[in-house]
Amino acid sequence: MIQSLQGIGMTSLRTRERMIKRLTEQGISSNKILDVMRNTPRHIFMDEALASRAYEDTALPIGYNQTISQPYIVAKMTELLLASSGRLARVLEIGTGCGYQTAILAQLVDHVYSVERISPLQKKAKDRLWELKLKNVSYLHSDGGWGWPDHAPYDGILVAAAPPEIPEMLLQQMAVGGVMVIPIGKGGSQRLQRVTRTENGYEVEKLEPVIFVPFLSGRK
Ligand code: SAH
């Protein structure tokens, strides 16, 4: 009983508020995104043993050698994705993981199409989003290198694992005017990139250095 009450204390609104303050200090300025992150319980996306650390600004293990992205990265990628236009209709996410980024996106765009190569991770994520009553999400167990052609073109693509270069199939599935946010590079030297598809081709902005798990091929 005491344990669980302490658990509630650790994950209280005040703890979340501290996370939001830190995000603001780190340069996240979209109130829309900050509000969604304030109201989304991040601790339910991880194992109970780690739940008390859910609002720290760090990546944490979610099993299968994968990690939940740190709050700053989730906020930053979402901000980069939403920056250019109005509300996005269709967003493709590669790397469902524990589903936290998916849950944030689902509250900010019309529909999220989320692809994950590790089936049990995706299954858990799906259950959590269902509990949160986020129903505007479709899931596919597949190698995200293929994208999800059935629902293309996408206004936004967010990739949560780092390939050495931008996968061709993902470029093809972008709408004109669409934006992709993706970490590119190996191990120690990855950089966040934002790709915008124009009438004539693609514009690439190289942004800040980041650390992501590798983008792997095949399904598990
Ligand atoms: N946003 C997620 C990130 C999880 S880590 C979260 O916060 O939980 C990245 C995820 O990408 C992992 O779950 C990993 O299995 C997945 N992944 C890596 N390469 C992939 C690929 N080619 N296709 C689909 N998913 C991939």
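Scope of the values below: all heavy atoms of this structure, side chains included, with no hydrogens, waters or symmetry mates. Note that ligands are numbered from 1 as they come in the structure, with each ligand's atoms numbered from 1 the same way.
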Checklist outcome for this item: Numbered in order shown, the ligand 1 atoms found under 4.0 Å of a heavy atom of Val213 are 5 (S), 9 (C)
Next on the checklist: How far is atom 7 (O) of ligand 1 from the closest protein heavy atom, and which atom is that?
Outcome noted: Ser69 N, 3.0 Å
Checklist entry - At what distance is the nearest protein heavy atom to atom 4 (C) of ligand 1, and which residue and atom is it? => result Thr67 O, 3.1 Å
Item to check | Residues Glu93, Thr102; criterion side chain to side chain donor-acceptor pair (under 3.5 Å); working and verdict | outcome: CA-CA 7 Å; Glu93 179 190 42; Thr102 322; 2.6 Å; yes
Next on the checklist: Under 4.0 Å, counting heavy atoms only: does Pro163 come that close to any atom of ligand 1?
Outcome noted: no
Checklist entry - Are the side chain of Glu79 and the backbone N or O of Ser30 linked by a donor-acceptor pair below 3.5 Å? => result yes
Checklist entry - Which residue supplies the protein heavy atom nearest to atom 11 (O) of ligand 1, what is that atom called, and how far is it? => result Gly95 CA, 3.2 Å
Checklist entry - If you measure from each non-hydrogen atom of Ile118 to ligand 1, which part falls under 4.0 Å: side chain, backbone, both or neither? => result side chain
Checklist entry - Between Leu170, Leu158, Asp155, Leu140, which is the residue that forms a side chain to side chain contact (heavy atoms under 4.5 Å, CB included) with Leu92? => result Leu170
Checklist entry - For Glu25, does the CD atom sit with more than 12 other heavy atoms under 6.0 Å from it, leaving out its own atoms? => result yes
Checklist outcome for this item: Quick look: Asp143 vs ligand 1, heavy-atom contacts under 4.0 Å, and the answer is both
Checklist entry - Any N or O of Tyr100 that comes nearer than 3.5 Å to an N or O of ligand 1? => result no
Checklist entry - Against heavy atoms of Phe215, which atoms of ligand 1 measure under 4.0 Å? => result 19 (N), 22 (N)
Item to check | Contact (N/O only, under 3.5 Å) between Ile94 and ligand 1 | outcome: no
Checklist entry - Hey, is Ala125 touching ligand 1 through its side chain, its backbone, both or neither, going by heavy atoms under 4.0 Å? => result neither
Next on the checklist: Check whether Gln173 reaches the backbone of Trp146 with its side chain - one donor and one acceptor, N or O, closer than 3.5 Å.
Outcome noted: yes
Checklist entry - For Ala49, does its backbone N or O pair with a side-chain atom of Asp47 as donor and acceptor, under 3.5 Å? => result no
Checklist entry - Taking Arg191 for the side chain and Leu207 for the main chain, is one N or O donor matched with an acceptor at less than 3.5 Å? => result yes
Checklist entry - Using a heavy-atom cut-off of under 4.0 Å, does the side chain or the backbone of Ala161 touch ligand 1, or both, or neither? => result side chain
Checklist outcome for this item: Within 4.0 Å of some non-hydrogen atom of Leu121, the atoms of ligand 1 are 13 (O)
Checklist entry - With backbone taken as N, CA, C and O and side chain as the heavy atoms from C-beta onward, which portion of Val74 lies under 4.0 Å from ligand 1: side chain, backbone, both, or neither? => result neither
Item to check | Region of Ser142 that comes within reach of ligand 1 [heavy atoms, distance under 4.0 Å] | outcome: backbone
Checklist entry - Would you say Gln101 and ligand 1 have an N/O pair spaced under 3.5 Å apart? => result no
Item to check | Lys/Arg-Asp/Glu bridge criterion (N-O < 4.0 Å) met for Lys21, Glu17 | outcome: no
Checklist outcome for this item: The residue among Thr40, Asp35, Asn39, Asn136 that forms side-chain hydrogen bond (donor to acceptor under 3.5 Å, both in side chains) with Gln107 is Thr40
Item to check | Nearest-contact summary for atom 12 (C) of ligand 1 - protein heavy atom, Å | outcome: Gln66 OE1, 3.3 Å
Checklist entry - What residue and atom, counting heavy atoms only, is the protein's closest point to atom 20 (C) of ligand 1, and at what distance? => result Arg117 CD, 3.4 Å
Next on the checklist: Looking only at protein heavy atoms, which one is nearest to atom 23 (N) of ligand 1, and what is the separation?
Outcome noted: Gly144 N, 2.7 Å
Checklist entry - Is Glu116 close to ligand 1, meaning an N/O of one under 3.5 Å from an N/O of the other? => result yes
Item to check | Shortest protein heavy-atom distance from atom 8 (O) of ligand 1, along with the residue and atom involved | outcome: Cys98 N, 3.0 Å
Item to check | Protein contact to atom 9 (C) of ligand 1 [nearest heavy atom, distance to 0.1 Å] | outcome: Ala160 O, 3.3 Å
Checklist entry - If we only count N/O pairs under 3.5 Å, is Leu216 in contact with ligand 1? => result yes
Checklist entry - How are the rings of Tyr113 and His111 set relative to one another: parallel (under 30°), tilted (30 to 60°) or perpendicular (over 60°)? => result tilted
Next on the checklist: Tell me if the CD atom of Glu205 is crowded by more than 12 foreign heavy atoms within 6.0 Å.
Outcome noted: yes
Checklist outcome for this item: Gly97 heavy atoms within 4.0 Å reach ligand 1 at atoms 4 (C), 8 (O), 13 (O)
Checklist entry - Would you say His141's side chain and Lys220's backbone share a donor-acceptor pair under 3.5 angstrom? => result yes
Next on the checklist: Is the shortest side-chain heavy-atom distance between Thr78 and Leu105 below 4.5 Å?
Outcome noted: yes
Checklist entry - Would one find more than 12 heavy atoms of other residues, nucleotides or ligands at under 6.0 Å from atom CD1 of Ile211? => result no
